[in-house]
Q: 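Provided herewith is a single structure, encoded as structure tokens, for subsequent inquiry.
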2 protein chains.
Amino acid sequence: MKIDPSDLRRVSVFKEATDDDLSLFVENSILRMVEEGEFFFFQGDPAKYFYILVSGKAKLLQSNPAGQQVNLRTINEWQMFGALGAVRPDAIYPATAQALEPCTALAIESVFLHDALQTRPYLNFGLMQLMTGYIQEMQERYRELATERVERRIALTVLRLAAQIGKRSGGEETMVELPLSRQDVAEASGTTIYTVSRVLSDWERRGLVETGRERVLIKNPHGLVQISEGLDQ
Amino acid sequence: MKIDPSDLRRVSVFKEATDDDLSLFVENSILRMVEEGEFFFFQGDPAKYFYILVSGKAKLLQSNPAGQQVNLRTINEWQMFGALGAVRPDAIYPATAQALEPCTALAIESVFLHDALQTRPYLNFGLMQLMTGYIQEMQERYRELATERVERRIALTVLRLAAQIGKRSGGEETMVELPLSRQDVAEASGTTIYTVSRVLSDWERRGLVETGRERVLIKNPHGLVQISEGLDQ
DNA sequence: CGAACAATTGATCCTCATCAAACCTTGTGG
DNA sequence: CCACAAGGTTTGATGAGGATCAATTGTTCG
């Protein structure tokens with residue numbers, strides 16, 4: 001499999017890159033395949049590479065000392081991850097990256113990006129925009145976890161995941177398909193698989209979603225938005 | 001009151017700035033005084049200025065639609081805040097900034113920083129380091145909120161706040177003084193004033209802290225670390 | 001001294017985690 | 001192609017951890 005450098009322009013940070021720059025990045029990359037459930041890197045490892053997901057879906061997660069996990073971010077095609085290491089040369093990954101499906105990704109040395117940042121202002125801005133986005137998302141999710149009830153949090157989480165990795169499904173409807181297990185949703189919303197299962201079953205009874213093994217199909221996004229805002233019932 | 005430009009070097013982003021740059025920033029700044037409890041800006045306002053706190057302490061908070069608040073960050077002297085607006089010209093503040101004590105701060109137009117970033121690589125790196133720090137802190141706090149019990153979370157919060165805004169107190173001891181109400185601690189740890197009060201009273205009985213009105217004195221930081229790691233009892 | 005506000009403490013209740021057991025789906029090997 | 005294993009999902013029963021409420025006490029400041 002060969003990567004066309006111009007494909008890299010689908011990565012937000014490279015939107016305004018020159019053709020030469022794109023080629024340079026591709027030439028300095030390694031293509032890595034990762035099986036479903038396997039890992040790109042672990043929390044605590046030296047952040048030697050950053051990645052650009054070419055195909056598949058992945059998640060960033062963090063574990064506490066007892067081994068409980070939370071999902072910090074879900075990664076779709078043409079998104080960068082593991083790039084915080086480009087800022088400090090001695091950085092370690094603050095999270096673990098795991099494939100949700102069979103994945104292929106470009107791995108590029110962090111120092112390469114670090115050096116490129118010195119001479120290419122557009123990269124700085126792109127990376128900062130990405131970072132401000134993460135900061136805002138994490139702040140929102142933190143507030144939600146601190147102040148909202150589970151059902152709302154699950155609704156907010158499912159809607160967010162739909163926007164990030166959802167596949168439009170079934171005709172011109174606004175139905176969105178998510179390849180996520182109850183476990184994944186629980187880790188992303190800060191609850192347990194039992195509660196996620198109960199809530200999804202309830203939503204299914206009300207015709208909002210359709211569920212299956214490692215699958216959630218959103219049939220009525222607007223209904224979920226109402227739940228997330230506490231406007232239902 | 002007059003600001004000596006070289007004082008700005010205490011701001012992490014300006015650590016490696018030239019004297020000329022520092023003077024330029026000071027010349028383009030306005031000195032704002034904000035009374036205790038008053039606000040620098042509100043969540044949702046256009047992010048026209050960013051701030052450098054010169055004296056006092058402040059906090060960044062976010063409210064949900066019902067008005068419940070969470071504390072996102074606590075700000076000490078010579079820290080920047082409200083700077084996310086420098087990345088996107090049309091940004092709005094994602095959080096509200098409120099003074100915990102009487103404060104003075106330099107207000108500088110976001111576009112000024114935005115323009116300066118174009119020509120001064122050291123600013124880009126400084127700002128990115130700051131941002132990666134926030135991202136990592138928010139990720140950690142999110143995980144803690146999702147997986148840890150209240151007492152541990154309060155211990156982690158108090159220790160973090162001590163590192164960020166604590167004043168060393170009482171001789172050469174490792175005692176640290178925090179000018180925070182139960183409300184502040186509750187908002188920072190995602191719980192209620194009642195629970196914070198109960199936990200602090202318990203710690204006081206055990207000789208770990210001393211409490212007062214809008215005041216927490218940490219007498220035994222190591223004991224709190226043990227609690228935060230679940231090693232007590 | 002009194003008003004305003006912060007903190008404490010007890011009683012109660014509710015949401016959600018936990019546990020256990022059964023059920024369903026998918027893939028594999030005989 | 002069926003049977004079975006493995007692992008995901010559902011559902012009920014139970015209980016605990018904290019939130020909530022209410023009343024009191026303590027502190028600060030005009």
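Throughout, protein chains are lettered first and strands after them, A, B, ... in sequence-line order, and every chain is numbered starting at 1. Predicted model only: the values in this text are computed from it and were never measured.
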Q: Below 4.5 Å, heavy atoms only, C-beta onward: do B/Gln43 and B/Tyr93 meet side chain to side chain?
A: no
Q: When all nucleic acid strands are considered with a 4.0 Å heavy-atom cut-off, which category describes B/Arg182: base, sugar-phosphate, or nothing?
A: sugar-phosphate
Q: Can you measure from CE (B/Met131) to CG (A/Leu84) and round to the nearest 0.5 angstrom?
A: 11.5 Å
Q: Considering only heavy atoms of chain B and a distance under 4.0 Å, specify the first and last nucleotide of DNA chain D in 5' to 3' order that meet this criterion.
A: D/dG18 to D/dT28
Q: Among pairs that include at least one residue of residues 43-54 of chain B, which meet salt bridge (Lys or Arg N to Asp or Glu O under 4.0 Å), considering only residues two or more places apart or in two chains?
A: none
Q: Can you confirm whether more than 12 heavy atoms, excluding those of B/Arg9, are under 6.0 Å from its CZ atom?
A: yes
Q: Could you check A/Arg149 against A/Ser201 and say which one's nearest nucleotide on DNA chain D is further toward the 5' end?
A: A/Ser201
Q: Pull out every residue in residues 186-198 of chain B that has a heavy atom closer than 4.0 Å to any atom of DNA chain D, ordered by number, or say none.
A: B/Thr191, B/Thr192, B/Tyr194, B/Thr195, B/Arg198
Q: Tell me whether B/Arg215 is salt-bridged to B/Glu210, with the criterion being a basic N under 4.0 Å from an acidic carboxylate O.
A: yes
Q: Run the salt bridge (Lys or Arg N to Asp or Glu O under 4.0 Å) test against A/Glu77 and tell me which residues pass, sequence neighbours left out.
A: none
Q: Tell me the bend of the helix from C/dC1-D/dG30 to C/dG30-D/dC1 as the angle between end helix axes, each from five pairs, rounded to the nearest 10 degrees.
A: 30°
Q: Could you tell me whether the side chain of A/Met80 reaches within less than 4.5 Å of the side chain of A/Leu127, counting heavy atoms only?
A: yes
Q: Should the heavy atoms of other residues, nucleotides or ligands under 6.0 Å from CD of B/Glu35 be counted, would the total exceed 12?
A: no
Q: Just one of A/Arg73, A/Glu137, A/Gln79, A/Lys57 clears the side-chain hydrogen bond (donor to acceptor under 3.5 Å, both in side chains) bar with A/Gln164, so which one?
A: A/Glu137
Q: Between B/Arg206 and B/Asp202, does any NZ, NE, NH1 or NH2 come within less than 4.0 Å of an OD or OE carboxylate oxygen?
A: yes
Q: Are B/Thr191 and B/Val199 close enough that some pair of their side-chain heavy atoms sits under 4.5 Å apart?
A: no
Q: Has B/Glu229 got more than 12 heavy atoms of other residues, nucleotides or ligands less than 6.0 Å from its CD?
A: yes
Q: Quick one, A/Phe41 and A/Phe81 - any side-chain contact, counting heavy atoms below 4.5 Å?
A: yes
Q: First and last nucleotide of DNA chain C in contact with chain A, 5' to 3', at under 4.0 Å to a heavy atom: what are they?
A: C/dT15 to C/dT26
